[in-house]
Amino acid sequence: MNSALPPRFAVPGERTAAALAWTLLGLITAADILTPTQWVLGTLLSAPVALAALGTSQRTTLALLAFSVGANLLAGGLNAGRDGITTFDAVNRTVSILTVLLVGLLTLRAREASARAARLAEEERRLTFERSLRTLVESVSGPLGEAEFVSRATAALQALTGARSVEIGAVDRAILREPYARTTDAAATAQESAPRELSRLNTRLPLDVLTRPPSPAASVQNNVWAAQGGDLVLARLSRRPAAEGGGDLLIIMERPTALPGEIAQAVGTLQPLLDRTGLLDELRLQRAQLAERGEVLRDLVYAFSHDLRTPLIANAMSMETALRGAYGPLPEAYRATLRNGLEANATLLALADQLLAVAKVEGGEPEDPSGDVNLRDMTLGVLSQLQARADARSITLEPHLSGVRVQGRPHDLRRAVQNLIDNAVKFSPPGGTVRVTLRTDADEAVLTVQDDGPGVSAARIASLFQRFRGGGAGSGTGLGLYLTRRIAQAHGGNVTYARTARAQSTFILTLPTELPTSTPERL
């Protein structure tokens with residue numbers, strides 16, 4: 001049968017030593033009283049006092065000392081009354097009493113020294129255990145998988161408990177399964193004359209190993225118990241419900257030399273570490289599942305963007321051909337419809353392009369390598385490209401650009417600059433002005449785009465740079481501003497929005513300058 005952990009007595013034989021000392025004290029006292037005075041058997045009364053040093057308490061030692069002195073005086077008095085007393089007899093009795101006192105004093109000092117040595121030994125043992133416990137924690141700490149945790153915990157427990165062998169495995173229907181590990185004490189195994197049972201992996205465990213004893217809770221510490229007459233000390237570690245294979249971990253220690261309380265403390269220390277390991281395994285699994293789903297979504301976006309562009313471009317070419325008169329003169333209402341169709345077509349093409357860009361940004365796939373970028377020339381190119389659209393709405397583009405160079409991916413930076421200026425042109429009222437300023441501030445390049453548009457409401461500013469969160473009515477999907485911020489952050493910068501006192505909208509793009517700036521030039 002299994003049993004609770006066997007108790008260990010602190011001082012074995014204490015009662016026996018005390019009983020022997022008192023018995024000896026009585027016998028010597030009786031003999032001293034019955035013998036002639038000149039024999040002075042009272043000197044032998046120091047023997048029970050000395051015997052107290054074998055394990056009795058200090059209180060018992062003091063009592064024996066007092067009774068030994070009293071017995072000397074009693075025997076001396078009775079002998080003097082019966083046989084008379086000489087100076088020699090008095091000196092002998094005095095020496096006998098002093099001998100008892102001296103032996104008592106030495107016994108007490110010896111007990112104090114022994115107790116002090118025991119305390120020091122206990123303190124050293126406790127410090128050694130605490131160091132071993134820290135080593136145990138360090139061994140199984142870190143981002144470990146459950147299998148590695150079990151392997152490290154097995155080795156650390158074997159070193160801490162001094163067991164001949166330690167096995168840890170998951171229990172599934174009374175069978176020890178993976179994750180599993182076993183560690184043995186090579187020196188103890190080499191001294192054994194008969195071969196011992198090896199790994200219990202994939203074997204059915206006996207009932208007394210699997211079941212805790214029906215003992216009071218105080219005798220079973222932290223889910224630790226003994227079996228097979230104390231040869232095995234066992235413990236359970238609870239696994240998270242989502243653990244692969246299920247079942248708690250069973251720890252099997254063969255003949256450990258550590259104290260039961262130390263074993264229980266070590267097992268209790270492992271439980272939260274196992275919980276963290278199980279949580280990390282769950283997080284890794286969820287991360288892998290999310291990564292797989294993310295790859296599927298990116299593939300879908302790639303396919304959608306690519307497949308959408310082909311019919312849209314073909315549709316735009318057909319409408320442009322019709323507008324050029326390839327099918328003869330068209331009514332003005334029909335031509336207006338074609339122009340609206342071309343505009344909607346362009347919007348869809350831009351959306352497909354933005355979706356593709358978002359998928360690449362989210363997937364960490366840069367479109368071009370990083371290099372030295374002339375931000376001023378890039379901004380001028382964007383302004384030139386948008387000039388026709390601004391002229392169509394009578395919007396003035398007002399650049400104030402200093403020569404600034406940054407390190408980055410040209411295609412991404414151009415997209416960020418174009419998104420900001422394009423938004424300003426789109427939302428500026430007819431006849432308005434879009435001011436584009438580029439300058440350096442300490443070690444940053446600062447691009448400011450300001451327009452006279454209606455701006456963004458205070459309620460929407462917090463979500464302005466999020467996916468599919470536009471700034472207001474007719475503001476589109478919000479992918480442009482989201483991409484702009486992601487590009488800026490990928491380059492170590494940022495983009496912010498502010499409303500000026502003159503009711504103007506201002507977007508500020510900041511980028512770190514890693515190269516010396518050139519002499520400022522203005523248009």
Side-chain angles (χ1 to χ4, degrees), residues 5 126-172 174-189 196-203 205 209-210 212 220-228 231-285:
L5 292 172
R126 186 182 63 80
L127 292 175
T128 301
F129 172 72
E130 290 180 354
R131 286 193 294 268
S132 300
L133 198 60
R134 284 196 298 269
T135 303
L136 172 68
V137 173
E138 292 171 358
S139 298
V140 297
S141 296
L144 307 178
E146 200 171 61
E148 187 176 2
F149 173 90
V150 168
S151 177
R152 293 192 180 191
T154 303
L157 276 177
Q158 195 278 323
L160 185 144
T161 63
R164 293 195 176 191
S165 68
V166 176
E167 290 179 88
I168 301 180
V171 178
D172 180 19
I175 297 177
L176 208 59
R177 307 282 192 187
E178 297 284 356
Y180 171 85
R182 184 175 190 267
T183 302
T184 60
D185 184 350
T189 303
R196 305 188 65 84
E197 180 184 3
L198 297 179
S199 171
R200 295 179 174 87
L201 180 63
N202 296 325
T203 62
L205 300 173
V209 171
L210 291 172
R212 285 192 303 170
V220 183
Q221 306 180 59
N222 291 353
N223 218 13
V224 178
W225 68 98
Q228 298 183 6
D231 283 348
L232 296 182
V233 175
L234 305 113
R236 277 184 181 267
L237 294 175
S238 300
R239 298 170 77 194
R240 296 179 64 84
E244 184 178 355
D248 292 341
L249 293 181
L250 180 66
I251 302 175
I252 306 174
M253 292 167 278
E254 183 183 359
R255 298 183 184 179
T257 58
L259 297 175
E262 294 175 349
I263 296 175
Q265 187 175 351
V267 173
T269 301
L270 286 175
Q271 183 62 64
L273 297 174
L274 176 62
D275 292 340
R276 186 184 66 176
T277 298
L279 181 60
L280 288 174
D281 282 344
E282 292 179 21
L283 291 176
R284 291 190 188 98
L285 178 60

Set of residues satisfying side-chain contact (heavy atoms from CB on, under 4.5 Å) with respect to [X], sequence neighbours excluded:
X: T135; answer: S139
X: S151; answer: A181
X: L279; answer: R240, E282, L283
X: A174; answer: R204, L210

Measure across [X] and [Y] and return the closest heavy-atom pair with its distance rounded to 0.1 Å.
X: M253; Y: V166; answer: CG-CG2, 3.9 Å
X: R236; Y: D248; answer: NH1-CB, 3.9 Å
X: A258; Y: I263; answer: O-CD1, 3.8 Å
X: A226; Y: L234; answer: C-CD1, 4.3 Å
X: L274; Y: S238; answer: CD2-O, 3.4 Å
X: L157; Y: A266; answer: CD2-CB, 4.1 Å

Just jot down the salt bridge (Lys or Arg N to Asp or Glu O under 4.0 Å) partners of [X], sequence neighbours excluded, or say none.
X: E138; answer: none
X: R152; answer: E148
X: R131; answer: E124

Check: Q158 side chain, A163 main-chain N or O, donor-acceptor pair, under 3.5 Å: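 Present.
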Derivation of the side-chain contact (heavy atoms from CB on, under 4.5 Å) call for T161 and V233: CA-CA 10 Å; T161 63; V233 175; over 6 Å; no
V267 and L237: CA distance, side-chain angles, deciding distance, side-chain contact (heavy atoms from CB on, under 4.5 Å) verdict: CA-CA 8 Å; V267 173; L237 294 175; 3.9 Å; yes
Sidechain N-carboxylate O distance under 4.0 Å for R255, D231: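 Salt bridge between R255 and D231, a charged N being under 4.0 Å from a carboxylate O: yes.
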Step-by-step side-chain contact (heavy atoms from CB on, under 4.5 Å) determination, L201 to E178: CA-CA 8 Å; L201 180 63; E178 297 284 356; 3.6 Å; yes
If you measure from [atom1] on [X] to [atom2] on [Y], what distance do you get to the nearest 0.5 Å?
X: L250; Y: L176; atom1: CG; atom2: CG; answer: 6.5 Å
X: T154; Y: I168; atom1: OG1; atom2: CD1; answer: 3.5 Å
X: L280; Y: E146; atom1: CG; atom2: CD; answer: 11.0 Å
X: I252; Y: R200; atom1: CD1; atom2: CZ; answer: 4.5 Å
X: E254; Y: Q228; atom1: CD; atom2: CD; answer: 8.5 Å
X: T257; Y: R164; atom1: OG1; atom2: CZ; answer: 11.0 Å

Which residues share a side-chain hydrogen bond (donor to acceptor under 3.5 Å, both in side chains) with D275, sequence neighbours left out: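 In terms of side-chain hydrogen bond (donor to acceptor under 3.5 Å, both in side chains), with neighbours along the sequence ignored, D275 is linked to Q271.
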Counterpart residues, side-chain hydrogen bond (donor to acceptor under 3.5 Å, both in side chains), relative to R126 (two or more places apart):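 With neighbours one apart ignored, the set is E123, E130.
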Y180 and N202, any side-chain heavy atoms less than 4.5 Å apart: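 A side-chain contact is absent here, since even the closest heavy-atom pair is not under 4.5 Å.
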